Amino acid sequence: MSVAGSQRSVTAGSTAADLFGQDRTTLVARVNGQLRDLAHELADGDLVEPVGADSDEGLAVLRHSAAHVLAQAVQQINPKARLGIGPPIQDGFYYDFDVETPFTPEDLKALEKAMQRIINEGQTFRRRVVTEDAARLELADEPYKCELIGLKSGASQDVSSVEGAFAEVGAGELTIYDNLRRDGERVWGDLCRGPHVPTTKVLGNAYKLMRTAAAYWRGSEKNPQLQRVYGTAWPTKDELKAYLERLAEAEKRDHRKLGAELDLFSFPEEIGSGLAVFHPRGGVIRKEMEDYSRRRHEEEGYEFVYSPHITKGKLFQTSGHLDWYAESMYPPMHLDEELDVDGAVTKQGQDYYLKPMNCPFHCLIFRARGRSYRELPLRLFEFGSVYRYEKSGVVHGLTRVRGMTQDDAHIYVTAQQLQSELKALLTFVINLLKDYGLDDFYLELSTRNEEKYVGTDENWAKATEALGQAAADSGLDLVDDPGGAAFYGPKISVQARDAIGRTWQMSTIQVDFNLPERFELEYQSDDGSRQRPIMIHRALFGSVERFFAVLTEHYAGAFPPWLAPVQVIGIPVADEYNDYLFDIADRLKASRIRVEVDTSDDRFPKKIRTAQKSKVPFMLIAGEDDRSAGAVSFRYRDGSQKNGVPIAKAVAEIVEAVESRRQV
RNA sequence: GCCGGAGUGGCUUAAUGGCAAAGCAACCGCCUUGUAAGCGGUAGAUUGCGGGUUCGAUUCCCGCCUCCGGCUCCA
């Protein structure tokens with residue numbers, strides 16, 4: 001057989017553990033491409049490789065085994081708990097349980113202790129093939145497991161459609177994994193496809209239970225809610241520690257926290273859930289973001305339009321929004337109705353809606369007069385405020401709000417122009433995002449859902465091809481999202497990774513065959529015929545609020561100078577140098593730099609501390625040494641300093657940093 | 001919308017079935033010459049809102065609002 005690339009002979013009946021068992025970092029084996037337990041018996045001609053926790057697959061096995069240990073601990077403490085599913089996930093695992101009372105934080109502590117006991121026992125995981133009938137008998141007390149067995153015996157796609165369920169029953173034989181103590185006593189078992197780590201010892205103490213939550217059984221809100229316990233598990237304690245530090249870092253960057261600390265925005269309860277106000281400091285950032293975006297759109301041939309926040313319901317009937325999205329629209333205001341004394345309607349009223357999207361308005365602008373092919377591509381841009389009645393549990397900081405402003409544009413093109421427009425658009429999008437300091441992207445191409453779509457096969461094929469081509473030309477990684485498109489056309493979305501490696505869906509570019517149809521949009525072609533344009537929906541930030549949140553977290557509140565609310569703070573060594581700094585500030589202001597001088601009666605080190613905490617990019621410090629030399633001293637955000645810089649040079653350095661939109 | 005947790009001056013946190021405490025921030029005064037907190041004072045709270053139990057509720061109970069963590073959803 002072939003072992004880790006080289007040919008070897010082993011005695012009949014050897015297991016993978018015989019080959020790799022001495023290497024404790026090997027958790028499972030890949031045998032002929034399939035992950036197997038180390039106890040798996042090898043056959044002649046097998047291709048065998050070791051798999052450790054340094055691979056994604058090995059890590060997933062480790063975490064799945066941790067989920068089993070958790071489940072054993074839960075049933076040890078509460079034998080009445082019924083098992084749901086327990087798959088590995090990004091950075092950890094979870095297990096769902098049907099229990100009478102939800103878990104408390106104290107329960108988690110107790111569970112961690114019980115898990116540690118199980119781990120210390122060094123239980124082995126033993127795979128056991130069972131027939132469906134035997135499994136049903138053995139798991140008679142586990143209704144959810146039985147349901148999974150039923151799913152497996154039915155259409156196999158049902159199993160994979162239940163997130164995580166595949167890990168339980170898989171596609172091949174039905175198996176149960178038993179946990180055995182060292183003396184061979186079976187202490188616990190669970191329906192599971194496997195594979196598992198050889199013993200619980202492997203988990204060491206590099207795991208932690210993180211939180212509890214409810215989750216619908218099989219992911220449907222029609223099903224009962226189970227109690228989910230989330231945990232994390234790592235190959236080593238150091239990696240666990242590093243993970244917890246990453247979480248702490250993410251918490252420090254949380255835009256909701258920074259928004260309050262840096263006085264950027266707030267969500268006054270009086271206004272309503274998911275409705276933000278931007279304070280002056282946040283307002284500056286937002287204005288800079290928007291101003292720069294406007295400038296770039298202007299340069300790219302966009303025209304600026306404006307539309308109202310409310311409209312008669314008819315518009316959203318025409319567009320179809322009321323058919324599909326009424327549930328997440330604010331309910332209508334019924335206006336203009338008049339009644340006589342008996343309450344009978346004498347004048348028919350009208351329903352007005354807050355707008356959830358801008359596109360219908362832009363279509364009306366297109367339709368306001370006859371259009372010529374010479375006008376296409378017609379690019380209509382608007383910072384359009386939209387309102388969506390998001391369900392109460394989903395509102396989240398600035399990233400999921402009920403009122404937001406989209407940097408929304410609709411581009412009307414001929415079929416011939418679609419390809420080149422999409423390509424130019426994608427370049428524009430990526431470059432703009434880069435200007436804001438994001439530089440690590442990949443693309444996702446969402447294609448037609450065969451169950452639900454409008455438009456001709458030909459149009460879909462062309463648009464999908466055009467988007468795919470534009471994506472390929474960008475040179476970025478492309479992930480397919482088959483069936484993920486909206487019913488009206490295919491879509492590309494740009495995913496950006498931030499400074500700590502999290503990905504955010506940013507821009508979307510969607511081709512739409514539907515709205516031009518519904519609004520009966522037409523242009524006159526060069527041959528005199530009337531043609532229907534194709535429409536492209538695109539937003540670069542998505543929503544300004546959300547993009548603001550992403551940038552805040554990306555920069556951890558330390559915005560690059562061009563976005564920073566206060567770009568320069570002058571700090572005198574003593575009051576005597578206030579005026580000297582005011583003169584320098586005036587010179588900076590002449591170059592449109594946002595500068596303040598700290599004239600408070602705090603003492604010098606306190607002023608440094610205050611400025612440092614406010615994350616101002618440049619502190620300009622002046623004392624006698626500086627004044628007598630006609631100079632000033634820099635202190636940067638990283639704590640480094642540059643002393644005795646001539647004023648003109650200092651101003652030039654700051655202006656250059658702002659104009660180049662550089663981070664410092 | 002569902003499950004769980006939480007709401008105490010602007011912020012962070014303490015406490016208690018019997019006068020609600022501290023730090024930071026704010027304001028006032030004194031002080032203040034070199035890179036992350038000088039000193040003193042003043043003001044600021046109907047403990048999210050409404051109801052109930054109680055001699056007495058910030059504390060216990062119920063409803064609502066808001067936030068947090070998930071689930072479902074996200075045009």
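Predicted model, so just to flag it, every value in this text is computed and none were measured. Keep in mind that the numbers below use all heavy atoms, side chains included, and drop hydrogens, waters and symmetry copies. A note on names: the letters A, B, ... follow the listed sequences, proteins ahead of strands, and every chain is numbered from 1.
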Quick one: label [X] by what it contacts on the DNA or RNA (base, sugar-phosphate, nothing), any heavy atom closer than 4.0 Å.
X	value
Gly274(A)	sugar-phosphate
Thr610(A)	nothing
Arg635(A)	base
Ala215(A)	sugar-phosphate
Pro572(A)	nothing
Tyr230(A)	sugar-phosphate

Steps toward salt bridge (charged side-chain N to carboxylate O under 4.0 Å, His left out) verdict (Asp96(A), Arg228(A)) | CA-CA 4 Å; Asp96(A) 288 343; Arg228(A) 176 171 295 181; 2.7 Å; yes

Roughly, in whole Å, what's the span from [atom1] in [X] to [atom2] in [N]?
X	N	atom1	atom2	value
Gln227(A)	G5(B)	CD	C1'	12 Å
Asp638(A)	A36(B)	CG	C1'	14 Å
Ile89(A)	G69(B)	CD1	C1'	13 Å
Asp107(A)	G5(B)	CG	P	11 Å
Asp91(A)	G69(B)	CG	P	16 Å
Asp263(A)	G10(B)	CG	P	14 Å
Leu581(A)	U33(B)	CG	C1'	13 Å
Arg228(A)	C2(B)	CZ	C1'	13 Å

Shortest side-chain distance from [X], nucleotide among [options]:
X	options	result
Asp625(A)	G34(B), C67(B), G38(B)	G34(B)
Glu576(A)	C30(B), U33(B), A75(B)	U33(B)
Glu624(A)	A36(B), U33(B), C3(B)	U33(B)
Tyr216(A)	U35(B), A75(B), G1(B)	G1(B)
Val394(A)	G1(B), U32(B), A75(B)	G1(B)
Tyr577(A)	U33(B), G69(B), U35(B)	U33(B)
Ile608(A)	C2(B), U35(B), G34(B)	U35(B)
Glu221(A)	G34(B), A75(B), U72(B)	U72(B)

Under 4.0 Å between a side-chain N/O of [X] and OP1 or OP2 of [N], yes or no?
X	N	result
Arg256(A)	C68(B)	yes
Thr212(A)	G4(B)	no
Ser273(A)	C67(B)	yes
Arg400(A)	C67(B)	no
Tyr389(A)	C73(B)	no
Lys606(A)	A25(B)	yes
His396(A)	C67(B)	no

Less than 3.5 Å between a donor and an acceptor, one on the side chain of [X] and one on the base of [N], is that the case here?
X	N	value
Glu390(A)	C74(B)	no
Asp626(A)	G34(B)	yes
Lys391(A)	U72(B)	yes

Donor on one side chain, acceptor on other, Glu327(A) and Tyr389(A), under 3.5 Å |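 Their side chains do not contain a donor-acceptor pair, so the 3.5 Å distance test is not met.
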
Take Leu588(A) and Ile654(A), measure what side-chain contact (heavy atoms from CB on, under 4.5 Å) needs, and give me the verdict at the end.
-> CA-CA 8 Å; Leu588(A) 286 164; Ile654(A) 291 163; 4.0 Å; yes

Residues that Phe547(A) engages under ring-ring contact (aromatic ring centres under 6.0 Å, His included), provided they are two or more places apart |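 Phe547(A): ring-ring contact (aromatic ring centres under 6.0 Å, His included) contacts with Tyr436(A), Phe541(A).
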
Which pair of non-hydrogen atoms, one from Arg538(A) and one from Asp407(A), has the smallest distance, and what is that distance?
->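 Looks like NH2-O, 3.0 Å.
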
Is Ser446(A) reaching over with its side chain to a backbone N or O of Ala485(A), donor-acceptor style, under 3.5 angstrom?
->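 A pair under 3.5 Å: no.
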
Under 3.5 Å donor-acceptor, Glu553(A) side chain and His255(A) backbone |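 Side chain of Glu553(A) to backbone of His255(A), a donor-acceptor pair under 3.5 Å: yes, one is there.
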
When you look at Glu249(A) and Arg246(A), which way does the salt bridge (charged side-chain N to carboxylate O under 4.0 Å, His left out) test go after all the steps?
-> CA-CA 5 Å; Glu249(A) 175 61 27; Arg246(A) 278 209 302 286; over 6 Å; no

Can you give one letter per nucleotide of nucleotides 41-49 of chain B, going 5' to 3': B for a protein heavy atom under 4.0 Å from the base, S for sugar-phosphate only, - for none?
-> ---------

Distance between the [atom1] atoms of [N] and [M], in whole angstroms?
N	M	atom1	value
C11(B)	C62(B)	P	28 Å
C3(B)	A21(B)	C1'	35 Å
U12(B)	A25(B)	P	15 Å
A14(B)	G63(B)	P	27 Å

Secondary-structure notation, RNA chain B, from Watson-Crick and G-U pairs under 3.5 angstrom (| other strand) | (((((((..((((....[..)))).(((((.......))))).....(((((..]....))))))))))))....

Residues Glu450(A) and Arg448(A) bridged, charged N to O under 4.0 Å |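 Judged by the 4.0 Å cut-off on N to carboxylate O distance, Glu450(A) and Arg448(A) do form a salt bridge.
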
Using the closest heavy atom to pick a nucleotide of RNA chain B for each, name whichever of Phe604(A) or Thr104(A) lands nearer the 5' end.
->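 Its nucleotide being nearer the 5' end, the pick is Thr104(A).
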
